[in-house]
Q: 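So that we are looking at the same thing, I have put the structure below in structure tokens.
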Amino acid sequence: MTFLIILGVILLLLAAILFLPVGVSVKFRDDFRVKIKFAGITVYKINTDETEQPEKKDTEKDKKTEKKDENQAKKLFTRLKDKHGFSGAVKSVMSFLLTCLTHIKKLLRHIKVKDIRLNITVGTEDAAKTAVEYGAVCTAVYPVLSLLDTCRNINFKKIAVKSDFTHESADFDFSLTVTMQIFFILIAAFKIFSEYKKFISEEDIQ
């Protein structure tokens, strides 16, 4: 009887923990960064640009290996830009975000977004090209913003998509801070991680 009482208490504590609120911070500027806080303490984080520098090599074979390691160490967004160009890279990232949001759409009502920021600047060496790139970026961003706009508990803190006709500058910066229960984090994390692995594989930028 005592054992059943202790077991019941433990199960109740575990259930209570699963439904405690947890803060999640996601940032994307060149690479994804994810930080999870529980009771103000960071319990988990991912920083995909934390890559060890390769040691110096002497042989021709090792030089080729070093070159390969340097290419793999490139930041995610840089690799996407190399492959698709700036607007194409933004389109790839936005398509990935839209897929993730679609998969967790039913969970969004359990997620409170405290802060969301999106800042994209489009600029090239040619004004006409800048206008075309800007239009392509807006087309890529709109479906994501439209989906998020349907969620009552999501507040847009700062959204800026602009063109720069005076300088050759292109910048993509996205971040959000959310609060949700551990139970829903586990479900969302599994679905998003599966999509992320699929995204990396399809883009062939591992």
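Any value given below was found using the heavy atoms of this structure, including those in side chains, with hydrogens, waters and symmetry copies removed.
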Q: To the nearest 0.5 Å, how far apart are CG in L145 and CD1 in I116?
A: 7.5 Å

Q: Nearest 0.5 angstrom please: E195 CD to F190 CZ, how far?
A: 10.5 Å

Q: Can you find a heavy atom in the side chain of T99 that is under 4.5 Å from one in the side chain of L101?
A: no

Q: Do K91 and M94 make a side-chain contact, defined as non-hydrogen atoms from C-beta onward lying under 4.5 Å apart?
A: no

Q: Do side-chain atoms of T139 reach the backbone of G135 as a donor and acceptor pair under 3.5 angstrom?
A: yes

Q: Would you mind reporting whether V24 and L176 have side-chain heavy atoms less than 4.5 Å apart?
A: no

Q: What residues form a side-chain contact (heavy atoms from CB on, under 4.5 Å) with K129, not counting sequence neighbours?
A: T124, E125, D126, E133

Q: Within the distance-only criterion (no hydrogens, no angle test), does the side chain of S146 pair as donor or acceptor with the backbone N or O of Y142 below 3.5 angstrom?
A: no

Q: Quick test of your reading of the model: are D164 and K162 salt-bridged, counting only N-O distances below 4.0 Å?
A: no

Q: Identify, with sequence neighbours excluded, every residue that meets ring pair (Phe, Tyr, Trp, His ring centres under 6.0 Å) alongside F77.
A: F28, F86, F172

Q: Do F199 and S92 come close enough that some side-chain heavy atom pair is under 4.5 Å?
A: yes

Q: Answer whether the closest heavy-atom distance between the side chains of L118 and D173 falls below 4.5 Å.
A: no

Q: For a 4.5 angstrom cut-off between non-hydrogen side-chain atoms, does I200 reach K197?
A: no

Q: Could you give the distance from NZ (K191) to OG1 (T102), rounded to the nearest 0.5 Å?
A: 11.0 Å

Q: Got a second to check how far R117's CZ is from T177's OG1, nearest 0.5 Å?
A: 8.5 Å

Q: Roughly how far, to the nearest 0.5 Å, is the CZ atom of F96 from the NZ atom of K198?
A: 11.5 Å

Q: Test of understanding: clusters of I, L, V, M, F, W, Y form through side-chain heavy atoms closer than 4.5 Å, transitively. Do I159 and L147 belong to the same one?
A: yes

Q: Rounded to the nearest 0.5 Å, how far apart are OG of S163 and CD1 of I120?
A: 12.0 Å

Q: Does the side chain to side chain contact (heavy atoms under 4.5 Å, CB included) test come out yes or no for S87 and V122, once each step is laid out?
A: CA-CA 8 Å; S87 62; V122 182; over 6 Å; no

